[in-house]
Amino acid sequence: MAPQTRKAAIVGGNRIPFARSNGAYARASNQDMLTATLDGLVARFGLQGQQVGEVVAGAVLKHARDFNLTRESVLGSRLSAATPAYDVQQACGTGLEAAVLVANKIALGQLESGIAGGVDTTSDAPMALNEDMRRVLLAVNNAKTLQQRLSALAGIRPGQLIPEVPRNAEPRTGLAMGDHAAITAAEWEIGREEQDELTVRSHHNLAAAYDRGFFDDLVTPFLGLTRDQNLRPDTSVEKLAKLKPVFGQGEGATMTAGNSTPLTDGASAVLLASDEWAAEHDLPVLAHLVDAQTAAVDYVHGGEGLLMAPAYAVPVLLARNGLTLQDFDFYEVHEAFASTVLATLKAWESPEYCKEKLGLDAPLGSIDRAKLNVHGSSLAAGHPFAATGGRIVATLAKTLHEAGPGKRGLISICAAGGQGVVAILES
Amino acid sequence: MSDWYRDFANSGVGTTITKQLGLPRPAELRRYEPGQPLLPGAAVVGSAGEGRLRDELTRLLKDDGVTVVSPVTVDGGTDGERLAAVLLDATGLTGPTDLAAAHDFLAPAVKRLAPSGRVLVLADPPAGTSSPAQAAARQALEGLVRSLAKELRSGSTANLVHVPLGAEASLASPLRFFLSGRSAYVDGQVLAVTTAELPDAADAEQPLAGKVAVVTGAARGIGAAIARVLARDGAHVVAVDVPAAGEQLAQVANEVGGTAVALDITGDDAGPRLAAQLVARHGGVDVVVHNAGITRDKLLVNMDAARWNSVMAVNLQAQLDITQALLDTEGALKPDARVVSVSSQSGIAGNRGQTNYAASKAGVIGMVRSWAPEFAERGATINAVAPGFIVTEMTAKMPLGTREVGSRLNSLQQGGLPVDVAETIAWLAQPGSAGVNGQVVRVCGQSLLGA
Amino acid sequence: MTRTVLDAPPALPALFARAALTARGRGGDLPDTRLARLGVEVDPAHLADYARVCRFPLADSLPVTYPHLLAFPLQVALMTDRAFPLALPGLVHVRNQIDQLAPIGIGAALDVEVWAERFAGHVRGATVDLCATVSAGGAEVWRSRSTYLARGATAPDGAPDADVSVSVGELKRVNAQWQVPADTGRRYAAVSGDVNPIHLSGVTAKAFGFKRAIAHGMWVTSRTLAALAGRLPEALSVDVAFRKPLLLPATVTLSTEQAGGGWDVAVRNATAGTEHLLGTIRPS
């Protein structure tokens with residue numbers, strides 16, 4: 001057993017460009033996308049036929065046949081077939097949680113290397129049988145005689161033929177995520193213009209990063225797509241102002257298709273390792289994953305916003321590491337909705353909220369906005385749920401590496417079910 | 001499309017028809033495959049004058065398992081087997097009268113040459129003598145070899161290698177190249193070797209084992225073929241191409257067990273970035289193949305600045321910048337590195353509508369020649385390979401007529417394949433090719449253009 | 001030799017119908033004809049459908065067997081032509097060889113050319129090879145040789161002996177078991193265009209002497225190659241022999257064994273052990 005823990009190194013990452021739902025990847029399955037992403041990573045780091053310790057990934061929307069999605073993708077990839085793999089799922093936190101799991105095993109000495117990833121398709125989403133129909137078919141399947149079968153089939157009613165399509169809605173509230181976010185936006189009085197401004201910055205930052213080749217060693221084109229399909233380099237506050245709100249009600253409705261993330265297809269993967277493994281393989285260390293924290297809130301009955309859990313996770317993480325919110329060179333706050341980012345930042349600035357909800361003596365304070373999502377985030381890139389974590393980890397790791405040694409970055413990702421995953425990276 | 005004309009001309013009916021019409025009959029070329037013997041048959045070695053290479057040649061051939069038959073049998077008998085190669089040591093030429101001996105040896109031997117045979121003449125460089133008669137005789141060989149190359153049929157080639165006094169040891173690598181299937185599409189060429197420090201013999205099957213090779217433009221076409229051949233010869237290939245070609249690039253890298261690097265080589269910091277990665281990830285690079293190239297054809301009078309500039313940036317400036325960055329970065333370029341630049345027949349012969357492309361590709365030749373002495377000092381080499389009509393995606397876009405004519409305008413009467421260019425580059429990349437430096441090797445089947 | 005370039009793929013259902021009507025009165029030697037299509041582009045949606053039916057991953061390069069779909073309609077057109085000596089109905093696909101020389105990208109414009117050759121004698125009749133070559137950017141990237149057996153037919157005098165066997169290792173170990181549903185032939189017909197009635201339903205198959213519908217040999221080949229996705233060389237030679245027909249529905253087993261840098265494969269009936277497909281996959 002390892003006598004003490006070590007920090008897992010982030011060696012690099014790969015993702016395919018993210019496509020809009022029913023866009024370039026309309027016919028690609030989760031397995032297709034994850035396999036292509038792994039193969040791109042293999043090519044980048046010369047891992048053909050090699051065994052990495054573990055591959056950990058997941059998808060939020062999954063077909064029943066994909067129960068072993070990650071392992072199946074590994075088997076279809078150029079990695080050694082002797083590479084173990086398992087699936088995880090923590091909604092939009094999946095990708096980051098996968099990275100934390102791999103990093104923790106590396107920290108404990110159980111792994112020398114591992115790949116963390118995530119994938120999601122909203123184009124090839126599974127449809128479930130209507131619950132009544134499912135019961136009828138189970139009965140047919142269990143029937144022993146033709147007569148039993150016929151009588152079971154006779155139970156079918158037209159309404160049962162309608163499949164259940166997965167919706168981007170919370171099972172316990174029946175509200176779409178956007179509706180939840182709109183409630184939070186209204187509570188925190190997040191204005192339309194500041195949301196649109198954040199959105200424009202995301203697009204411009206992402207476009208600039210592509211233009212200067214920042215993503216050359218982070219992205220591998222797939223099915224003809226070379227950049228994120230959602231990216232609008234020429235968008236502006238004026239253009240976004242023309243969009244009609246799609247979430248929220250009446251005068252206070254501020255959330256549009258522009259300042260909310262669209263449904264997206266894509267996949268990402270991150271290569272983590274011990275420093276020793278990286279050195280042995282002559283591979284770079286971009287950054288280390290220092291620590292991580294999750295939190296959850298009672299958004300159903302507890303009066304907290306669905307996407308506010310990161311606000312709770314961050315102070316715990318800061319306290320454990322003896323840091324303040326201002327001790328970071330870069331912040332990667334996942335842009336599920338522009339309003340989510342703004343509400344979270346506002347919450348940390350609020351003495352009242354920090355005292356009452358977070359139990360802090362003083363507010364965490366404000367951050368330097370110039371350090372926020374400097375290479376764009378989900379509003380521009382899109383958000384294939386489980387793939388977002390891998391995108392952010394690889395992007396931040398490279399950002400820190402470019403900035404030089406000793407730089408520190410904070411990742412904050414909100415997830416469905418009122419959850420949040422946050423982490424610290426250091427170069 | 002398959003070479004339907006070649007297949008047709010070699011079919012039963014086709015043979016008759018093409019013969020009657022006097023149409024060319026392009027042959028199936030002998031191409032290299034690992035494990036193949038150097039030659040599929042016997043070789044004969046002759047000399048004109050008192051040469052100094054004959055014994056060395058015979059020894060090299062025997063070391064490679066080639067049966068060497070004596071010229072006398074060839075001269076007299078008709079029962080001997082057909083010859084896979086005819087080698088002439090012409091280092092003994094003192095004046096034009098000695099050339100008669102060359103003719104006396106070659107004529108009966110060439111008559112017995114098997115399909116895909118090889119004629120190789122070895123001589124001193126004309127500039128290496130102060131005697132006008134001797135220089136005349138040496139220069140005369142170029143006319144002889146180039147004409148003979150045009151007379152040979154059935155995929156046979158003829159080439160000339162200049163071996164100055166003292167550079168005899170450098171001959172082994174070119175000798176093997178010209179005799180083997182690697183040189184299938186190299187015909188009618190004159191190559192000069194120089195004195196160089198030669199490494200111990202490498203594994204013949206894996207001459208590039210343990211070497212790191214970077215190939216630009218590796219995602220498709222000739223670049224992908226280069227990556228495959230270098231990997232086959234044992235190198236770890238770092239495959240570079242523009243980010244937009246990343247998917248094919250990853251595929252090529254995975255296929256050859258190499259590493260993919262998405263990089264726009266015309267970027268400001270492309271050279272330093274690549275150099276830094278080669279140092280950090282691979283401990284430096286042994287082989288650099290500048291293959292990336294683009295065309296933006298227009299007649300000069302209609303050509304806009306964008307066409308001119310983009311072709312220059314990719315085809316020439318990037319080669320200069322990346323090579324310089326590798327030279328400047330500590331530990332990037334191994335002392336005995338091999339740099340091979342892809343030039344083009346257009347750079348030698350010119351091509352209508354390609355002032356920009358031809359200028360860039362001619363520029364590459366100037367670059368290689370200028371850098372060669374500096375490279376030689378550190379035990380490295382830099383050479384250019386100039387492909388002629390190579391059947392690729394680029395040529396597929398040509399109109400059928402142009403394409404067909406283009407592919408036939410050479411002594412082998414067919415277009416070359418990407419692998420022909422790749423084999424030539426892989427040969428120049430070998431440690432044993434230390435004595436080949438500052439050369440321009442045309443892979444053109446002895447094209448009629450710019451010959 | 002004559003070479004005809006077609007602007008569009010021939011319509012297969014019409015060809016099969018014509019073949020049935022003109023089956024009688026054929027004979028003579030193989031026609032010296034080549035059919036070609038130039039600049040064929042792959043429809044990504046069709047590729048996705050095909051990949052699903054055969055279980056290939058969807059990626060930027062074509063599955064090894066995909067180009068067969070481009071060549072097949074031309075080969076059928078060649079075989080249904082009156083000049084072709086054998087009647088298409090009743091021809092049984094007995095062996096298939098594919099050489100993939102380089103990976104083929106989805107975006108490539110492909111030139112496809114087909115011809116027939118090697119009319120050969122067989123103990124149960126005669127065989128003929130339908131060949132295809134596919135080029136991208138002027139260079140050949142893929143070629144195939146499909147051997148068909150015409151039961152009771154006679155090869156011309158002096159014809160060589162047919163070569164329809166592929167030798168493989170023992171392949172004792174079962175690596176996978178597949179349930180092959182009854183609609184497999186219809187599903188593959190829908191994506192491949194091979195609407196030969198013997199694959200479509202029990203009734204139509206009976207008309208040609210089969211007890212039930214039989215699976216397409218090329219589907220079995222594809223499904224086998226798909227099972228080895230990620231474990232295949234990029235440039236490869238596939239050689240499969242189709243033994244006993246795979247009657248639908250069925251449960252079959254796949255056995256694979258590493259050999260010669262590639263694989264030996266066998267698809268057999270799960271209970272009876274009847275051999276449906278034996279094949280070799282080698283790097284080329």
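Quick note: numbers below take in every heavy atom, side chains included, and nothing from hydrogens, waters or symmetry partners. So that the names make sense, note that chain A is the first sequence line, chain B the second, and so on, each numbered from 1. For clarity, every value in this text was computed on a predicted model and none was experimentally measured.
For C/R173 and C/E257, the salt-bridge test fails: no basic side-chain N is under 4.0 Å from an acidic carboxylate O. Ion pairing between A/D87 and A/R71 fails under the 4.0 Å rule for side-chain N and carboxylate O. With respect to C/D99 and C/R143, a salt bridge is recorded, a charged nitrogen being found less than 4.0 Å from a carboxylate O.
With a threshold of 4.5 angstrom between heavy atoms, A/A81 approaches chain C through its backbone and through its side chain. For A/L79, the part lying near chain C is the backbone, with the side chain staying farther off; criterion is any non-hydrogen pair under 4.5 Å. Neither the backbone nor the side chain of C/A51 comes within contact range of chain A; no heavy atoms are under 4.5 Å apart. Only the backbone of A/S77 comes within contact range of chain C, judged by heavy atoms closer than 4.5 Å. In this structure, the portions of A/A28 lying under 4.5 Å from any heavy atom of chain C include both its backbone and its side chain. At a 4.5 Å heavy-atom cutoff, A/S73 makes no contact with chain C through either its backbone or its side chain.
Atom CD of C/Q177 has more than 12 heavy atoms from other residues, nucleotides or ligands within 6.0 Å.
Both cation-pi conditions hold for A/K398 and A/F214: the charged atom is under 6.0 angstrom from the six-membered ring centre and inside a 45 degree cone around its axis.
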